[in-house]
There are 2 protein chains.
Amino acid sequence: MAGRPGREPRSGGRRPQAKGRGGVPRRTSRTLPRGNREAQEKAIVEAAERVFAGAGFGGATMAEIAQAAGVPKPNLHYYFGSKQALYRAVLERTLREWLEPADCIVATAEPRAALEGYIREKMRLSFTCPYASRVWANELLHGAPELRATLVRTLRPLVRRKAAVIDRWIAEGRMAEVDSRHLFFTIWAATQTYADFAVQICAVLGLAKLDRVAQERATEHVVGLILRGCGLAGSRPGRRK
Amino acid sequence: MAGRPGREPRSGGRRPQAKGRGGVPRRTSRTLPRGNREAQEKAIVEAAERVFAGAGFGGATMAEIAQAAGVPKPNLHYYFGSKQALYRAVLERTLREWLEPADCIVATAEPRAALEGYIREKMRLSFTCPYASRVWANELLHGAPELRATLVRTLRPLVRRKAAVIDRWIAEGRMAEVDSRHLFFTIWAATQTYADFAVQICAVLGLAKLDRVAQERATEHVVGLILRGCGLAGSRPGRRK
DNA sequence: CCGGTAATTGACCAAATGGTCAAAAGTGGG
DNA sequence: CCCACTTTTGACCATTTGGTCAATTACCGG
C-alpha cells in the first residue's frame with residue numbers, strides 16, 4: 001500500500017555481526033582486515049550509487065548492483081543486510097558530500113567571494129559526482145521516504161544558519177534583498193540540474209556529453225546570473241564573456 | 001542488463017484494436033462511446049501520473065495504478081497494452097503541458113514582461129501540476145530512455161527558436177548578456193525544483209506543504225532573482241519586499 | 001428481441017527479484 | 001597442523017509483478 005515495495009527494516013534475524021554501520025562491534029581480536037572490509041564496503045556502495053542513480057530504488061536490482069561491484073549477490077546482504085539498508089548507506093554518503101561546500105558561507109567572509117565559491121563548488125560537484133546528485137534527487141522526487149527525518153534534523157538547521165549569514169549581509173547592505181532560504185533552493189536547483197538532468201541539457205545543446213568547455217560555460221553562466229541576481233555583480237579580475 | 005526491467009516493447013500479440021494511441025482505427029461503426037472511452041483513458045493516465053511520480057517507473061506497479069484509477073488491472077492493458085506504453089502516454093501528456101508556456105517568448109514581446117510571464121507560468125505549473133513535473137524529472141534522471149529522441153526532435157528546436165529571440169534582445173541591448181540556452185536551464189531548474197523537490201523545500205522551511213503564501217514568496221523570489229540576473233530589474237508597480 | 005462488437009473482469013502464469021542457507025574457503029594465533 | 005572465526009559463494013525459496021485469457025457483461029443497430 002505504501003508505495004515502496006520492500007518490506008520493513010526488518011530487525012529480526014541475526015546475521016553474523018560485522019554490521020560496521022549500525023552497531024559498532026568492529027573487529028577486536030585478530031583478523032586485521034587487510035583494509036579489505038572497508039574496501040569491499042566502499043566498492044559496493046559506489047556500485048550501488050551508480051545503479052540506484054540509473055534506475056531508482058525500485059528499478060535497481062540487487063543482482064545488478066552485485067555485478068557492478070564485482071561481487072556475488074549474497075555479499076551485499078552480508079555487508080548491508082537489505083536493499084533498503086544499502087540504499088540508506090548510499091544516501092548517507094551523499095549527504096556528507098552535500099553539506100560540505102556550504103562551509104565557505106560564514107559571516108566573516110566577503111559576500112561575493114563566498115557565494116561565488118559556493119556556487120562554483122556546487123557546479124564542480126555536479127560535474128564530478130553526478131551519480132550522488134541523482135540518487136539524492138531521486139529520493140526527494142519520491143517523497144524522501146528514507147530521509148525526511150534527516151532533512152529536518154540536519155539540512156534545516158544548516159540552512160537556518162547559512163541563511164542567517166546571508167540575511168546579515170543583506171541587513172548590512174552588502175547585497176540585494178533576496179529571500180535567503182529561497183536563494184539556496186535556487187542555487188541548488190541551478191547547479192544540480194547539470195547533474196540530474198544532464199541528458200536533457202546535452203540533448204538541447206546537441207552534445208554527447210558535457211565536455212570541459214560546456215562545463216565552464218555553464219559555470220560562468222550560473223555564477224554570473226545568480227551573483228547579478230544578488231546584486232553582487234561588478235568588475236572581476238577574471239573572465240566574463 | 002539494460003537497467004529498465006520490463007521486457008521490450010513487444011509488438012507481438014494482437015489484442016482487440018482500439019489502440020487509440022498508436023494506430024488510429026478509432027471507432028467507425030456504432031458504439032458511440034458515450035465519451036466513456038476517453039474518460040477512462042484520461043482517468044488511467046492521471047492515476048498513472050500520480051503513481052509513477054511517487055515511485056518511478058520501476059517502483060510503480062500496474063496493480064497500484066489500477067487501484068488508483070479505480071479500474072481492474074486488465075483494463076490498463078486493454079487500453080494501453082503495456083506498462084511502458086502507459087508510461088509513454090503519461091510522458092507525452094506532460095510534454096505538451098511543458099512546452100506551452102514558452103509561447104509568450106516572442107521577438108515582438110517586451111523582454112521583461114515576456115520572461116516574467118514565462119517564469120510565473122512555470123512556477124504556477126510547478127505548484128498546480130507537481131506530478132507531471134516529477135514524472136518528467138524522473139525520466140530525465142534515469143537517462144531518458146523513453147524520450148531521448150523527443151528531446152532532440154522537439155525540445156531542442158523549440159529552445160533554439162526561443163534562444164534566438166533572447167539573443168536578439170541581448171544584441172539590441174535590451175537585456176544583460178546571458179547565455180540564452182543556459183538561461184532556460186536555469187529557469188526550468190529554479191521553477192521546477194518547487195515541484196520536484198517539494199519535500200526538501202518544505203522540510204527546510206518547516207512547512208507541511210507549500211501554502212499560498214509560500215508559493216507567492218517563492219514566485220517573487222525566483223522572478224526577482226532571475227530578472228535581476230538578466231539585467232531586467234527595475235521599478236515594478238507590484239510588490240517587492 | 002437478436003446478434004455482433006466493445007468493454008469488463010476474475011483467475012492464472014511465467015519470469016524476475018529480494019532474500020536465505022549451508023557448505024566451502026580464507027585467515028591467523030596457539 | 002588445528003581451531004575459531006570471518007568471508008565468500010552457489011543453489012535455492014517465497015513473493016511480487018507484468019502480462020494473458022477466456023468468460024461475462026454492456027451496448028446498439030436491425
Side-chain angles (χ1 to χ4, degrees), chain A residues 1-2 4-10 12-20 25-34 36-41 43-44 48 51 55 57-67 69-87, chain B residues 1-10 12-20 25-41 43-44 48 51 55 57-67 69-87:
Chain A
M1 172 133 283
R4 179 77 31 111
R7 57 223 31 60
E8 277 319 273
R10 66 175 305 289
R14 57 294 69 97
R15 179 166 22 97
Q17 78 284 50
K19 299 263 319 181
R26 284 280 107 153
R27 65 208 62 88
T28 46
S29 51
R30 83 212 89 193
T31 322
L32 265 299
R34 299 199 323 284
N36 211 358
R37 163 139 225 147
E38 302 197 2
Q40 283 285 60
E41 286 189 354
I44 292 173
V51 177
F57 180 87
T61 74
M62 292 298 267
E64 222 177 325
I65 296 172
Q67 197 187 12
V71 303
K73 192 171 58 140
N75 282 32
L76 305 193
H77 287 94
Y78 179 73
Y79 282 110
F80 293 91
S82 73
K83 188 183 182 183
Q84 235 187 47
L86 175 54
Y87 182 62
Chain B
M1 171 133 287
R4 178 77 32 109
R7 50 212 54 49
E8 278 318 274
R10 63 177 301 292
R14 61 288 71 96
R15 177 162 28 93
Q17 76 284 49
K19 297 265 321 183
R26 283 279 108 152
R27 64 208 65 86
T28 45
S29 51
R30 82 215 89 191
T31 321
L32 266 297
R34 301 200 320 282
N36 210 357
R37 163 141 225 144
E38 302 194 1
Q40 283 285 60
E41 286 188 354
I44 293 174
V51 177
F57 180 87
T61 73
M62 293 298 269
E64 223 178 323
I65 295 172
Q67 196 187 11
V71 305
K73 191 169 60 134
N75 282 31
L76 305 193
H77 287 93
Y78 179 72
Y79 283 111
F80 293 91
S82 70
K83 187 183 182 183
Q84 236 186 49
L86 174 54
Y87 182 62

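We name chains A, B, ... by the order of the sequence lines, and we start the count at 1 in each one.
- Distances shorter than 4.0 Å separate none of the side-chain N or O atoms of A:Tyr79 from OP1 or OP2 on D:dT7.
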### Summary
Pairing string of DNA chain C (Watson-Crick or G-U wobble, both atom distances under 3.5 Å; | = paired to other strand) is ||||||||||||||||||||||||||||||
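- Between the CE atom in A:Met62 and the CG atom in A:Leu86 there is a gap of 5.5 Å [rounded to 0.5 Å].
- Between A:Ala60 and A:Val51, the closest heavy-atom pair is CB-CG1, 3.7 Å.
- Rounded to whole Å, atom C1' of D:dG19 lies 13 Å from atom CD of B:Gln84.
- Counting to the nearest Å, the C1' atom of C:dA6 and the CD atom of B:Glu41 are 13 Å from each other.
- Nucleotide D:dT20 holds its P atom 16 Å from the CZ atom of B:Phe80, rounded to whole Å.
- Residues forming a side-chain contact (heavy atoms from CB on, under 4.5 Å) with B:Pro74 (at least two apart in sequence, or on another chain): B:Pro72.
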Any protein N or O atoms within reach of nucleotides 9-14 of chain D? Criterion: under 3.5 Å, listing atom names and distances.
none

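- To the nearest 0.5 Å, the span separating NZ on A:Lys83 from CZ on A:Phe57 amounts to 5.0 Å.
- Spacing between atom CE of B:Met62 and atom C1' of C:dA16 amounts to 16 Å, rounded to whole angstrom units.
- In this structure A:Ala63 satisfies the side-chain contact (heavy atoms from CB on, under 4.5 Å) test together with A:Thr61, A:Lys73, sequence neighbours excluded.
- Atom NZ of B:Lys83 is separated from atom C1' of C:dA15 by 14 Å (rounded to the nearest Å).
- Residue A:Tyr87 contributes atom OH, which lies 17 Å from atom C1' of C:dG18 at whole-angstrom precision.
- When all heavy atoms of B:Tyr79 and B:Glu41 are compared, the pair lying nearest together is CD2-CG, 3.9 Å.
- Among the atoms of the strands shown, only primed sugar atoms or phosphate atoms (P, OP1, OP2) are found under 4.0 Å from some heavy atom of B:Ala60.
- The distance from atom CD1 of A:Ile65 to atom P of C:dG18 is 8 Å, rounded to the nearest whole Å.
- Applying the side-chain contact (heavy atoms from CB on, under 4.5 Å) criterion to B:Ala69, with sequence neighbours excluded, gives B:Ile44, B:Ala47, B:Val71.
- Here the straight-line distance linking atom CD of B:Gln40 with atom CG of B:Leu76 works out to 10.0 Å at 0.5 Å rounding.
- Here D:dT8 presents its C1' atom at 12 Å from CG of A:Leu76, a figure rounded to the nearest Å.
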